[in-house]
Chemist: 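Following this message is one structure expressed as structure tokens.
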Amino acid sequence: QKERIVKLLNDKKIAASEKIEQMTKLYEETGVKESAEKAIKELHTKGVDILKNGNLNQEHFNVLIEFADNLIFRSK
């Protein structure tokens with residue numbers, strides 16, 4: 001896989017948009033996307049737990065949770 005990535009990145013004949021499309025496909029084929037999404041969800045959960053155990057008033061807690069949720073559930 002590493003060779004495919006390096007070859008794709010170094011190929012000057014392929015347009016940037018095509019490289020992005022092919023790289024996205026490669027990430028999906030190798031499971032990188034799923035692994036990253038799983039790790040992000042786990043870290044989000046840990047962050048929320050830390051906030052719950054923090055010494056925050058409800059207003060600050062709500063603002064931080066809303067911010068964290070916006071990072072996770074934003075439109076792409």
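Just so it is clear, the structure is predicted and the values come from calculations on it, not from any experiment. We use all heavy atoms of the structure for the numbers below, so side chains are in, but hydrogens, waters and symmetry mates are not.
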Chemist: Side-chain heavy atoms nearer than 4.5 Å, only ILVMFWY residues, links allowed to pass through others: does that put Leu56 and Val63 together?
Modeler: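 No: no chain of side-chain contacts under 4.5 Å links Leu56 to Val63.
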Chemist: Is there a path of hydrophobic side-chain contacts, each under 4.5 Å between heavy atoms, that joins Phe67 and Val48?
Modeler: no
Chemist: Just wondering, are more than 12 heavy atoms of other shown residues or ligands nearer than 6.0 Å to NZ in Lys38?
Modeler: no
Chemist: Glu21: what forms a side-chain hydrogen bond (donor to acceptor under 3.5 Å, both in side chains) with it, not counting sequence neighbours?
Modeler: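 Glu21: no side-chain hydrogen bond (donor to acceptor under 3.5 Å, both in side chains) contacts found.
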Chemist: List for me each residue that meets side chain to side chain contact (heavy atoms under 4.5 Å, CB included) alongside Leu26, sequence neighbours excluded, and say none if there are none.
Modeler: Gln1, Arg4, Ile5, Met23, Glu29, Thr30
Chemist: Kindly indicate, with the supporting measurements, whether the criterion side-chain hydrogen bond (donor to acceptor under 3.5 Å, both in side chains) is fulfilled by Asn62 and Gln58.
Modeler: CA-CA 6 Å; Asn62 291 342; Gln58 192 63 42; 2.9 Å; yes
Chemist: From Lys25 NZ over to Leu8 CG, what is the distance, rounded to the nearest 0.5 angstrom?
Modeler: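 Here the rounded value is 11.5 Å.
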Chemist: Please walk me through it: do Asp69 and His44 pass side chain to side chain contact (heavy atoms under 4.5 Å, CB included)?
Modeler: CA-CA 8 Å; Asp69 287 347; His44 179 268; 2.9 Å; yes
Chemist: Return the CG to CD1 distance between Leu64 and Ile50, rounded to the nearest 0.5 Å.
Modeler: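 Leu64 CG to Ile50 CD1: 12.0 Å, rounded to 0.5 Å.
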Chemist: Quick check: closest heavy atoms across Leu9 and Lys19, and the distance to 0.1 Å?
Modeler: O-NZ, 3.0 Å
Chemist: What distance do Ile65 atom CD1 and Leu51 atom CG have between them, rounded to the nearest 0.5 Å?
Modeler: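 Separation between the atoms: 5.0 Å.
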